[in-house]
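If you read the sequence from its start, that first residue is 1, and numbering goes on from there.
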Amino acid sequence: MVINFDKKRRRLFVIILAFLVIIGCSIRTFRLTNQRETFSIKDTKNKNEYTIDAIYDDETNRILCNQSLVYKNNTNITLDKIYLHIYPNAFCDKKLVPFEESEMSRAYPNGFNEGYIDIKNVLSKKNKLKYEIIGDKNDILEIKLGKSIKQGESVKIDLKYNVKLPNCLGRFGYGENTINVTNWFPIACVYDDEGWNLKSYEAVGDPFYSDTSNFKVTLLAPASYKLATTGNVTEQKTDNEKIQYVIDAKMVRDFAFILSDKFTVSKDSYKNIAINTYNLNEEMSKEVVDVAKSSMEIFSELFGDYPYNTFSVVASDFYIGGMEYPMLVMIDETLYNKENKFLLEYVIAHETAHQWWYSVIGNDEVNEPWLDEALTEYSTILYFENKYGKETGDKLIKTMDVQTKNFKTTDIFKATTEYKDSADYSLSVYTKGAVIFNEIRNQVGDDLFFETLKEYYNKYKFENVNGPQFIELWKSKGIDIEKIIKEYK
């Protein structure tokens with residue numbers, strides 16, 4: 001999720017940075033042991049299939065799209081309609097955009113500019129389907145199938161639509177340097193034990209919840225742009241004016257891409273994973289590559305192997321800090337300087353940890369944000385501990401503990417919509433959540449703590465999980481982490 005640098009959050013980072021300066025930690029070479037077996041991506045057949053042909057028009061900032069969705073009924077009921085998120089519509093109305101009022105001038109430095117998705121047609125076997133645009137922000141597409149599909153059956157739906165990008169420095173939009181194309185296409189809502197999840201794109205936290213799927217995207221864009229993307233480019237053609245990419249992404253829960261005519265690209269690798277960094281400030285490229293590679297190594301060793309063959313860290317016009325997508329993370333380009341070196345490292349490590357806790361293992365980020373965010377924030381502490389030593393990790397946790405007591409944090413089990421603002425959410429879910437995971441580790445010991453996280457990762461990779469499943473895994477080992485969490489003061 002986004003690292004939101006509100007005033008309280010900035011104060012936390014300043015204190016943390018001061019601790020790092022005091023203890024004088026220096027980068028040391030590290031080598032983690034206990035090599036783990038690489039696992040391959042399996043079970044690609046029983047997933048939704050997205051085929052998207054997209055043309056990006058840089059003169060109008062629009063994407064013209066044709067999309068085929070083969071929707072697999074993996075629910076336990078017969079369906080006669082399905083629901084898709086159409087997130088761009090949340091950017092239609094200034095009163096409904098997913099930003100707090102205090103953030104508007106940073107999100108829209110040139111003034112409000114609308115974004116939206118314009119659905120032209122919805123078909124199945126060349127027959128028009130009835131559909132409605134619903135939801136608090138008109139960001140849900142309800143499609144009536146005209147027939148019933150039983151559990152295990154599938155239906156193919158063809159959509160034609162245009163996407164208008166806003167001049168916005170959030171997840172979705174464009175600035176002076178980059179075009180951020182995220183949460184941009186109609187994506188199937190999750191049907192789980194609670195039924196259809198039809199939450200709108202809200203300002204606090206991440207409102208995303210999706211199933212692992214397979215994507216094939218053909219993108220035509222001006223040849224002057226370089227592309228950072230989820231997936232792998234399997235074909236590339238150019239005529240000097242336009243460039244066409246064919247991109248394949250299997251077993252990912254979303255598809256994002258970022259374009260820029262200003263990127264410089266640095267490359268490295270860890271095992272069989274290509275690590276790409278897309279930079280707007282080339283003098284920081286070496287540091288960024290080092291952090292990305294170190295993060296990939298540390299988290300692979302601690303939790304289990306990263307399952308994809310590519311990982312990209314992308315400098316972006318993105319004022320909030322950092323944001324995770326499968327195989328790709330966005331990082332605020334203003335952090336790319338020597339003065340913000342620690343913050344840059346922290347954000348990259350945090351967003352990389354999300355490749356484990358959100359990308360490979362998914363969850364309902366609206367109703368149970370603690371499942372990915374608290375664990376991801378603590379994983380960031382583990383990055384610093386493993387790279388710089390246990391004393392550094394302990395200093396960071398001690399600072400966070402002080403923060404949770406000074407700012408009266410609340411219950412970490414709440415939905416994002418129940419926190420009063422981003423500051424309350426951030427300090428309760430991120431900061432307090434990290435401290436609580438450290439307390440769990442202290443009470444159960446390192447061996448059981450890391451063994452359980454590895455088991456969690458390998459048991460649920462590519463699935464969606466919920467809090468009771470996570471808690472039950474610990475209970476099976478005789479640990480009541482719910483009690484530990486609730487007793488933390």
Side-chain angles (χ1 to χ4, degrees), residues 41-54 65-88 117 119 121-125 129 131 139-161 163 181-199 207-219 229-232 234 246-257 307-308 325-328 358-365 460-465:
I41 294 179
K42 303 174 183 177
D43 191 32
T44 61
K45 293 181 181 178
N46 197 35
K47 304 297 178 185
N48 296 335
E49 304 275 346
Y50 295 83
T51 303
I52 305 174
D53 294 325
C65 302
N66 288 306
Q67 173 177 322
S68 291
L69 165 62
V70 178
Y71 180 83
K72 306 289 179 69
N73 184 2
N74 292 319
T75 75
N76 56 3
I77 63 171
T78 297
L79 300 174
D80 60 4
K81 58 187 173 183
I82 65 170
Y83 296 87
L84 310 181
H85 293 286
I86 45 176
Y87 290 117
I117 185 168
I119 304 294
N121 226 337
V122 180
L123 306 171
S124 183
K125 294 183 178 179
L129 296 180
Y131 65 88
D139 56 357
I140 299 291
L141 180 64
E142 179 188 80
I143 300 176
K144 298 173 177 63
L145 301 176
K147 64 176 184 178
S148 296
I149 57 169
K150 297 177 181 178
Q151 182 180 10
E153 294 181 341
S154 62
V155 60
K156 182 181 179 184
I157 298 170
D158 296 314
L159 302 101
K160 183 175 183 178
Y161 56 92
V163 176
V181 187
T182 69
N183 311 111
W184 58 284
F185 61 93
I187 186 170
C189 300
V190 173
Y191 185 96
D192 61 15
D193 292 342
E194 302 296 321
W196 287 105
N197 287 262
L198 307 178
K199 298 292 193 304
F208 310 123
Y209 183 26
S210 56
D211 291 312
T212 300
S213 302
N214 300 320
F215 294 83
K216 185 170 184 179
V217 177
T218 301
L219 172 66
T229 183
T230 298
N232 296 283
T234 58
V246 178
I247 308 153
D248 190 52
K250 285 186 169 56
M251 298 294 282
V252 295
R253 60 185 69 253
D254 203 346
F255 186 96
F257 66 92
Y308 310 110
Y325 290 96
M327 304 171 68
L328 174 155
Y358 148 79
S359 184
V360 178
I361 292 184
N363 63 282
D364 181 348
E365 295 184 308
Y460 292 113
K461 57 180 177 272
F462 305 122
E463 297 181 20
N464 283 318
V465 298

Restricting to non-hydrogen atoms, name the atom on [X] and the atom on [Y] that form the minimum distance, rounded to 0.1 Å.
X    : Y    : result
N214 : E49  : ND2-OE2, 3.0 Å
P326 : S359 : CA-OG, 3.5 Å
C65  : A54  : SG-CB, 4.1 Å
P88  : V163 : CG-CG1, 4.3 Å

Take V122 and D158, measure what side chain to side chain contact (heavy atoms under 4.5 Å, CB included) needs, and give me the verdict at the end. CA-CA 6 Å; V122 180; D158 296 314; over 6 Å; no
Heavy-atom distance under 4.5 Å between the side chains of [X] and [Y], does that happen here?
X    : Y    : answer
P186 : Q67  : yes
I82  : W196 : yes
F215 : I247 : no
I143 : Y83  : no

Working to the nearest 0.5 Å, report the span between [atom1] of [X] and [atom2] of [Y].
X    : Y    : atom1 : atom2 : result
L219 : D53  : CG    : CG    : 10.0 Å
T212 : N48  : OG1   : CG    : 10.0 Å
Y460 : N363 : OH    : CG    : 13.0 Å
L159 : I86  : CG    : CD1   : 10.0 Å
L198 : Y191 : CG    : OH    : 11.0 Å
K216 : F255 : NZ    : CZ    : 12.0 Å

Just by distance, no angles: are the side chains of [X] and [Y] close enough, under 3.5 Å, to form a donor-acceptor pair?
X    : Y    : value
N74  : N46  : yes
Y358 : E365 : no
Y209 : D192 : yes
S154 : Y71  : no
R253 : S210 : no
N73  : E153 : no

Under-4.0 Å salt bridge between K144 and E142: yes
Any Lys/Arg nitrogen of D248 or K250 sitting under 4.0 Å from an Asp/Glu carboxylate oxygen of the other? yes
So, do F208 and Y87 have ring centers that fall under 6.0 Å from each other? yes
Answer yes if the ring centres of F185 and Y50 are under 6.0 angstrom apart, and no otherwise. yes
Tested for side-chain contact (heavy atoms from CB on, under 4.5 Å) against D254, the lone hit among T230, N183, D211 is N183
Check: [Y] main-chain N/O paired with [X] side-chain donor or acceptor under 3.5 Å:
X    : Y    : answer
S148 : D80  : no
T75  : I77  : yes
S124 : K156 : yes

For a side chain to side chain contact (heavy atoms under 4.5 Å, CB included) check, start with the C-alpha distance between V360 and Y308, then their side-chain angles and the critical distance, and finish with the verdict. CA-CA 10 Å; V360 178; Y308 310 110; 4.3 Å; yes
Step by step, work out the side chain to side chain contact (heavy atoms under 4.5 Å, CB included) result for I52 and W184. CA-CA 11 Å; I52 305 174; W184 58 284; 3.9 Å; yes
Let's go through I140 and H85 carefully: what are the C-alpha distance in whole Å and the side-chain angles of both, what is the deciding distance for side chain to side chain contact (heavy atoms under 4.5 Å, CB included) to 0.1 Å, and is it a yes or a no? CA-CA 5 Å; I140 299 291; H85 293 286; 3.5 Å; yes
